[in-house]
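Letters go in sequence order (proteins before strands), and every chain restarts at 1.
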Amino acid sequence: MKTLLDIDYVTRDDKVIIRLFYKKKDGREIEEVTDFKPYFYAVPVDTEKLKGELKKFDRILKIEKKRMVDMKKEIDVLKITVKQPKDVSELRDKIKNLEYCKEVREAAIPFVERYLIDSGLIPMENSEEVGLRIAAFDMEVYNPRGEPNPERDPIIMISYADNLGLKRVWSYKHENIKLDFLEILKDESMIIKKFIDTVNEQKIDIITSYNGDNFDFPYLKDRASRLKINLSLGIDGSVIKLERRGMNLGARVRGRPHIDMYPICRQVFNLSRYQLEDIYLEIFGRKKLDIDVGEMAKVWNSEDIDGLKKLFEYSLSDAVSTLEIAMTLLPLQYELSRITRDLIYESSRSGSGQRVESLLMRKAHEMNILAPNKPSDRLAEERQRTSYTGAYVVEPIKGIHDNIVLFDFRSLYPSILISYNIDPSTIDCECCPEDNYKTPTQHYFCKKKKGFIPRILSELVTKRIEIKKKLREEKDPEKRRLLDVEQHAIKLLANSAYGYYAFARARWYSKGCAESIAALGREYIHKTIREVENFGFKVVYGDTDSVYVIKPKEVDKEKIIDDANSFLKKINEELPEAMELEFEGFYPRGIFITKKRYALMDEKGILIVKGLETRRRDWSNIAKETQNKVLNAILHEKNPEKAAEIVKGVVKRIRKGDVALRDLAINTQITKGLGEYVQPGPHILAAKKAMKRGYEFKRGDIVTYVVTKKGVSISDKARIIDFVEEGDYDAEYYINNQVLPAVLRILEALGYSEDELKGFGKQMRLGSF
DNA sequence: TACCAGAGGAG
DNA sequence: AAATCCTCTGGTA
């Protein structure tokens with residue numbers, strides 16, 4: 001039993017050798033593969049003539065004629081096998097331009113990926129059985145002037161935790177501090193060496209970090225090279241490698257995958273901020289030890305025993321938390337790696353488009369399908385310029401409704417994709433008669449031959465149904481956990497297929513397919529609305545694949561639910577087999593404000609809020625909490641007067657000046673390069689002010705700012721929270737631009753006239769309550 | 001007041 | 001480097 005962690009290749013004597021890095025129960029294994037050669041395909045204009053042209057290239061080992069499926073037809077291709085991976089990139093452009101070559105295909109696939117596709121090996125298989133040894137690490141860096149600089153600022157401690165139970169902080173200088181996990185070594189060099197040695201001695205298989213790709217490893221690498229230390233963390237003694245991955249970096253350790261939990265957390269959770277503390281709180285529901293990092297250098301230079309102890313404890317808690325997060329989130333990553341058959345290093349850094357594509361590449365190879373080429377940058381931009389019509393959203397009936405039933409389609413888009421056989425190879429086929437079903441977009445889909453992607457998707461859906469069945473029968477919690485992860489991974493992939501068709505950089509891009517799926521989705525939701533209204537319900541809202549309905553004049557909950565089920569029975573008989581409308585919930589009361597903004601109260605009295613300020617990171621807690629209280633007063637007690645009292649109290653508190661900074665903070669992401677803004681908002685101005693004081697901000701960062709008293713415009717007044725004193729906030733801004741808009745919108749939907757609201761708002765603004 | 005860029009949510 | 005639909009803010013003219 002073994003699990004495949006990593007693959008690379010080396011060349012010896014002009015021969016390419018693939019190395020497979022396995023973890024076994026009792027150790028490691030590196031297997032060498034010498035009989036796999038790089039290759040690509042050429043599509044000939046004339047097969048024999050192209051063969052003739054190819055004779056002049058001496059790096060070619062073999063040329064074979066093959067028949068392969070290319071979208072709607074079968075074609076002849078030449079499989080060109082070469083000596084080394086670099087020969088592929090060198091030869092492909094020359095061969096592409098030959099007179100008798102139409103195009104080259106599968107000629108830009110990295111060699112390791114090529115091998116993974118062809119070998120059918122499954123990375124991370126048996127990952128739960130081999131006993132993977134997982135370590136997390138974190139560093140603290142001397143930062144006397146804000147952002148540390150590797151040219152001058154040393155690493156002052158490295159913390160380490162692994163799933164064998166070892167917990168360590170390595171540091172220097174403070175020999176008098178005694179803590180059971182703390183080892184005071186001679187200097188910075190020694191702590192780096194100790195870290196490398198420990199990873200090797202503990203025989204660690206997977207290294208995890210929190211933002212190791214873009215902070216810890218680049219910093220560590222820089223410091224190590226200044227100190228003339230080899231960062232030889234690789235299984236084979238190789239040093240870590242920093243790779244460019246789009247806008248970011250990836251830190252690669254050979255044979256011992258480094259998994260950065262930060263991008264995974266950004267993908268998995270929807271949070272206001274993604275500091276380690278925020279994630280820890282989200283997953284475990286308890287606070288992680290925290291310190292003021294701005295004070296770290298001061299404490300480091302002091303002899304403050306308690307302060308220093310706290311600093312070391314904090315450092316350890318970072319590594320321990322990272323390990324705990326990894327132990328929680330990695331199983332899903334392993335499963336995604338198994339399904340897509342990408343190495344865990346790649347898979348854990350992939351987006352949904354890349355994952356779908358990896359899966360398709362593997363399946364295409366199994367089915368003798370020639371993969372379409374990736375689009376050029378120019379073609380991708382071209383594709384991006386044209387949009388298409390997506391989902392339908394029902395204009396809500398504003399205000400309060402009682403006894404609301406929610407219906408929605410189970411996996412609407414995947415089920416349409418499968419039911420209608422929507423695929424680039426089946427769209428507008430030539431083999432089907434004229435009366436074939438036309439979607440509202442005027443496309444139709446082959447009825448004779450099942451498409452490639454519908455086939456894969458229905459396999460996935462079938463597999464998921466089987467897993468869910470097993471899950472229902474399984475008692476062992478450990479096995480249940482694994483089955484649940486399995487079905488979850490499949491769901492993620494299935495739900496990405498529609499978006500993949502419209503993804504400009506996709507190989508199997510097809511706008512026609514994407515817009516047909518969306519158009520059919522609209523037809524089905526319209527059909528549902530029509531029929532549910534004929535059945536005596538009234539639609540109060542709906543979005544894409546869901547409808548919220550009420551039964552006017554009916555007050556008996558049981559009767560409403562009975563009717564809902566009768567309706568479901570009727571409509572599901574009319575729907576295609578793979579499609580199903582489901583009973584999703586019953587809500588005693590709800591308030592609808594606008595499209596995509598509403599709140600519901602469930603039968604337990606729990607508030608479910610969608611789209612409103614309460615759900616947005618770019619609104620302050622004070623506004624969000626007040627809105628939430630107002631919603632509760634209205635939905636629980638139908639008591640707008642109480643709501644008004646709540647608001648009155650909050651306005652008073654804001655005026656008094658004793659609202660805590662953390663309740664005034666607004667989080668906004670920097671979504672573009674700082675120089676690219678035409679209209680920079682308050683968060684950008686706040687970030688720029690902070691940068692003058694040594695802070696670093698870049699695209700992707702979330703700025704946490706407060707609107708202070710100092711300045712004229714809102715942007716003037718915005719400062720990042722670290723630089724704001726408690727009490728320094730613009731009360732009028734928080735009253736007029738935060739709390740009041742958030743709550744007045746709710747009251748407006750209740751039917752207060754605009755004039756009443758103006759008075760209401762004005763009164764509050766004047767503080768006359 | 002109308003308009004636009006920008007952000008982040010829903011599904 | 002998955003898609004579209006939609007609301008709302010802050011700044012500008």
Visitor: Answer with base, sugar-phosphate or nothing: what part of the nucleic acid does A:R349 contact at a heavy-atom distance below 4.0 Å?
Guide: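 Result for A:R349 = sugar-phosphate.
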Visitor: So, the side chain of A:T426 versus the backbone of A:N421: is there a donor-acceptor pair under 3.5 Å, distance only?
Guide: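 Yes; at least one donor-acceptor contact below 3.5 Å.
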Visitor: Please work out if A:G246 contacts a base, only the sugar-phosphate, or nothing of the nucleic acid, heavy-atom cut-off 4.0 Å.
Guide: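 No contact at all - A:G246 keeps every heavy atom at 4.0 Å or more from the nucleic acid.
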Visitor: Report yes if at least one side-chain N or O of A:R355 is closer than 4.0 Å to OP1 or OP2 of C:dA2; otherwise report no.
Guide: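 For C:dA2, OP1/OP2 do not have a side-chain N/O of A:R355 under 4.0 Å.
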Visitor: Side-chain N or O of A:N737 versus OP1/OP2 of C:dT9: is the shortest distance under 4.0 Å?
Guide: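 Checking C:dT9 against A:N737, no side-chain N or O comes under 4.0 Å of OP1 or OP2.
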Visitor: Using a heavy-atom cut-off of 4.0 Å across all strands, would you classify A:S350 as base, sugar-phosphate, or nothing?
Guide: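 Sugar-phosphate only.
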Visitor: What is the nucleic acid contact for A:N270, judged by heavy atoms within less than 4.0 Å: base, sugar-phosphate only, or nothing?
Guide: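 Sugar-phosphate contact only.
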Visitor: Checking contacts here: which listed nucleotide (B:dA10, C:dC5, C:dG11) is nearest the side-chain heavy atoms of A:S713?
Guide: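 Nearest to the side chain of A:S713 among the choices is C:dG11.
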Visitor: In this structure, how many angstroms lie between the P atom of B:dA10 and the CD1 atom of A:I593, rounded?
Guide: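 Between P of B:dA10 and CD1 of A:I593: 14 Å.
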Visitor: Can you tell me the distance, in whole Å, between the CD atom of A:E584 and the P atom of B:dA10?
Guide: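 Distance check: A:E584 CD to B:dA10 P gives 15 Å.
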Visitor: Can you find a donor-acceptor N/O pair under 3.5 angstrom joining the side chain of A:Q669 to the base of B:dG8?
Guide: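 By the distance-only test, no, there is no pair.
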Visitor: With the side chain of A:W619 defined as its heavy atoms from C-beta on, choose the nearest nucleotide among C:dC6, B:dG6, C:dT9.
Guide: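 For the A:W619 side chain, the nearest candidate turns out to be C:dT9.
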Visitor: Does A:Y733 have a side-chain nitrogen or oxygen under 4.0 Å from the phosphate oxygens OP1 or OP2 of C:dG10?
Guide: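 Checking A:Y733 against C:dG10: at least one side-chain N or O falls below 4.0 Å of OP1 or OP2.
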Visitor: Is the phosphate of C:dT7, meaning OP1 or OP2, less than 4.0 Å from a side-chain N or O of A:R615?
Guide: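 The answer is no; no side-chain N or O of A:R615 sits under 4.0 Å from OP1 or OP2.
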Visitor: For a quick check of understanding: with a heavy-atom distance under 4.0 Å over all strands, which category does A:Y392 fall into, base, sugar-phosphate or nothing?
Guide: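 If one applies the 4.0 Å heavy-atom cut-off, A:Y392 turns out to touch nothing in the nucleic acid.
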Visitor: If you look at every strand shown and take non-hydrogen atoms under 4.0 Å, does A:Y413 touch a base, only sugar-phosphate, or nothing?
Guide: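 A:Y413: no heavy atom of the nucleic acid under 4.0 Å.
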Visitor: Give a yes or no on whether a salt bridge exists between A:K468 and A:E486, defined as a side-chain N under 4.0 angstrom from a carboxylate O.
Guide: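 No salt bridge links A:K468 with A:E486.
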Visitor: Categorize A:G681 for me: base, sugar-phosphate, or nothing, with a 4.0 angstrom heavy-atom threshold over every strand shown.
Guide: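 Nothing: the residue A:G681, judged by heavy atoms under 4.0 Å, touches no strand.
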Visitor: Relative to the ring of A:F452, is the ring of A:W508 parallel (under 30°), tilted (30 to 60°) or perpendicular (over 60°)?
Guide: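 Geometry flag for A:F452 against A:W508: tilted rings.
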Visitor: Look at the side chain of A:T594 and decide which nucleotide, out of C:dC8, B:dA10, C:dG10, has an atom nearest to it.
Guide: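 Out of C:dC8, B:dA10, C:dG10, the nucleotide with an atom closest to A:T594's side chain is C:dC8.
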Visitor: Are A:R244 and A:L249 close enough that some pair of their side-chain heavy atoms sits under 4.5 Å apart?
Guide: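 Answer yes - side chains close enough.
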Visitor: Can you tell me if A:K595 touches the phosphate of C:dC6, counting only side-chain N or O atoms and a distance under 4.0 Å to OP1 or OP2?
Guide: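 True: A:K595 side-chain N/O within range (under 4.0 Å) of C:dC6 OP1/OP2.
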Visitor: With a 4.0 Å cut-off on heavy atoms, is A:K596 in touch with a base, just the backbone sugar-phosphate, or nothing at all?
Guide: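 The answer is base, as A:K596 lies within the cut-off (heavy atoms under 4.0 Å) of a base atom.
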Visitor: A:G390 or A:Y500: which one's nearest nucleotide on DNA chain C is closer to the 5' end?
Guide: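 First, find each residue's nearest nucleotide; the 5'-ward one identifies A:Y500.
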Visitor: Among C:dC8, B:dA10, C:dT4, which nucleotide has an atom closest to any side-chain atom of A:E613?
Guide: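 Out of C:dC8, B:dA10, C:dT4, the nucleotide with an atom closest to A:E613's side chain is C:dC8.
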Visitor: Please walk me through it: do A:E382 and A:R385 pass salt bridge (charged side-chain N to carboxylate O under 4.0 Å, His left out)?
Guide: CA-CA 5 Å; A:E382 171 84 36; A:R385 272 196 290 277; 3.4 Å; yes
Visitor: If you check the A:H683 side chain, which of B:dG6, C:dC5, C:dT4 turns out closest?
Guide: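 So the nucleotide nearest the side chain must be B:dG6.
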Visitor: A:I666 has an atom CD1; how far is it from atom C1' of C:dT9, in whole Å?
Guide: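 The distance from CD1 of A:I666 to C1' of C:dT9 comes to 10 Å, rounded to the nearest Å.
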Visitor: Identify whether any heavy atom of A:S496 sits under 4.0 Å from a base atom; if not, whether one sits that close to sugar-phosphate; answer base, sugar-phosphate or nothing.
Guide: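 Since no nucleic acid heavy atom lies under 4.0 Å of A:S496, the category is nothing.
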Visitor: Side-chain N or O of A:R616 versus OP1/OP2 of B:dG9: is the shortest distance under 4.0 Å?
Guide: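 So the side-chain polar atoms of A:R616 never come under 4.0 Å of the phosphate oxygens OP1 or OP2 of B:dG9.
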Visitor: From C:dT9, B:dG8, C:dG11, pick the nucleotide closest to the side chain of A:I714?
Guide: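 Side chain of A:I714 sits closest to C:dG11.
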Visitor: Just compare C:dA1, C:dT4, C:dT9 and give me whichever is closest to any side-chain atom of A:P741.
Guide: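 So the side chain of A:P741 is nearest to C:dT9.
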Visitor: Need one value for A:A514: base, sugar-phosphate or nothing, where a base atom within 4.0 Å counts as base even if backbone is also close, heavy atoms only.
Guide: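 The answer is nothing, as A:A514 stays clear of every strand by at least 4.0 Å.
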Visitor: To the nearest Å, give me how far apart CZ (A:R244) and P (C:dA1) are.
Guide: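 It works out to 13 Å between those atoms.
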Visitor: Please determine if A:R505 forms a cation-pi arrangement with A:Y509, meaning its NZ or CZ atom is less than 6.0 Å from the six-membered ring centre and no more than 45° off the ring axis.
Guide: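 Here A:R505 fails the 6.0 Å and 45° test against A:Y509.
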Visitor: Which nucleotide in the list C:dC8, B:dG6, B:dA10 gets nearest to the side chain of A:Y677?
Guide: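 Among the listed nucleotides, the one closest to the side chain of A:Y677 is B:dG6.
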Visitor: Under 4.0 Å between a side-chain N/O of A:S715 and OP1 or OP2 of C:dG11, yes or no?
Guide: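 Checking C:dG11 against A:S715, a side-chain N or O does come within under 4.0 Å of OP1 or OP2.
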Visitor: How is A:E515 classified with respect to the nucleic acid when contacts are heavy atoms under 4.0 Å: base, sugar-phosphate, or nothing?
Guide: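 Here A:E515 touches no strand at all.
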Visitor: If I take atom CH2 in residue A:W508 and atom P in nucleotide C:dA2, what distance separates them, rounded to the nearest angstrom?
Guide: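 About 17 Å, once rounded to whole Å.
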Visitor: So, the side chain of A:Q267 versus the backbone of A:S350: is there a donor-acceptor pair under 3.5 Å, distance only?
Guide: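 Yes; at least one donor-acceptor contact below 3.5 Å.
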Visitor: Pick base, sugar-phosphate or nothing for A:R522, based on heavy-atom distances below 4.0 Å to the nucleic acid.
Guide: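 The answer is nothing, as A:R522 stays clear of every strand by at least 4.0 Å.
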Visitor: Assign each of A:V394 and A:R505 to its nearest nucleotide of DNA chain C by heavy atoms, then name whichever residue's nucleotide is nearer the 5' end.
Guide: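 It is A:R505, whose closest nucleotide lies nearer the 5' terminus.
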Visitor: Look at all strands and tell whether A:Y501 reaches a base, only sugar-phosphate, or nothing, counting heavy atoms closer than 4.0 Å.
Guide: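 Here A:Y501 touches no strand at all.
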Visitor: For A:S620 and A:Q738, test the side chains for any donor-to-acceptor distance below 3.5 angstrom and give the result as yes or no.
Guide: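 Checked: A:S620/A:Q738 side chains pair up, N/O donor to acceptor below 3.5 Å.
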Visitor: A:D618 has a side chain; which of B:dG8, B:dA5, C:dT7 sits nearest to it?
Guide: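 Looking only at heavy atoms from C-beta outward on A:D618, the closest nucleotide is B:dG8.
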Visitor: Of the options B:dG9, B:dA10, C:dA1, whose atoms approach the side-chain atoms of A:R617 most closely?
Guide: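 It is B:dG9.
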Visitor: Between C:dT7 atom C1' and A:D543 atom CG, what is the distance in whole Å?
Guide: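 For the pair A:D543 CG and C:dT7 C1', the rounded distance is 13 Å.
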Visitor: Please determine if a side-chain N or O atom of A:K672 lies less than 4.0 Å away from the OP1 or OP2 oxygen of B:dG6.
Guide: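 A:K672 to B:dG6 OP1/OP2: side-chain N or O found under 4.0 Å.
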Visitor: Nearest whole Å is fine: how far is C:dT4 P from A:I525 CD1?
Guide: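 The distance from CD1 of A:I525 to P of C:dT4 comes to 20 Å, rounded to the nearest Å.
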Visitor: Contact class for A:G499 vs. all strands (heavy atom < 4.0 Å): base, sugar-phosphate, or nothing?
Guide: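 The answer is base, as A:G499 lies within the cut-off (heavy atoms under 4.0 Å) of a base atom.
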Visitor: With a 4.5 Å cut-off on side-chain heavy atoms, are A:R362 and A:E113 touching?
Guide: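 In contact.
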Visitor: Would you mind reading off the distance between A:I670 atom CD1 and B:dA5 atom P, rounded to a whole angstrom?
Guide: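 Going from A:I670 (CD1) to B:dA5 (P), I get 20 Å.
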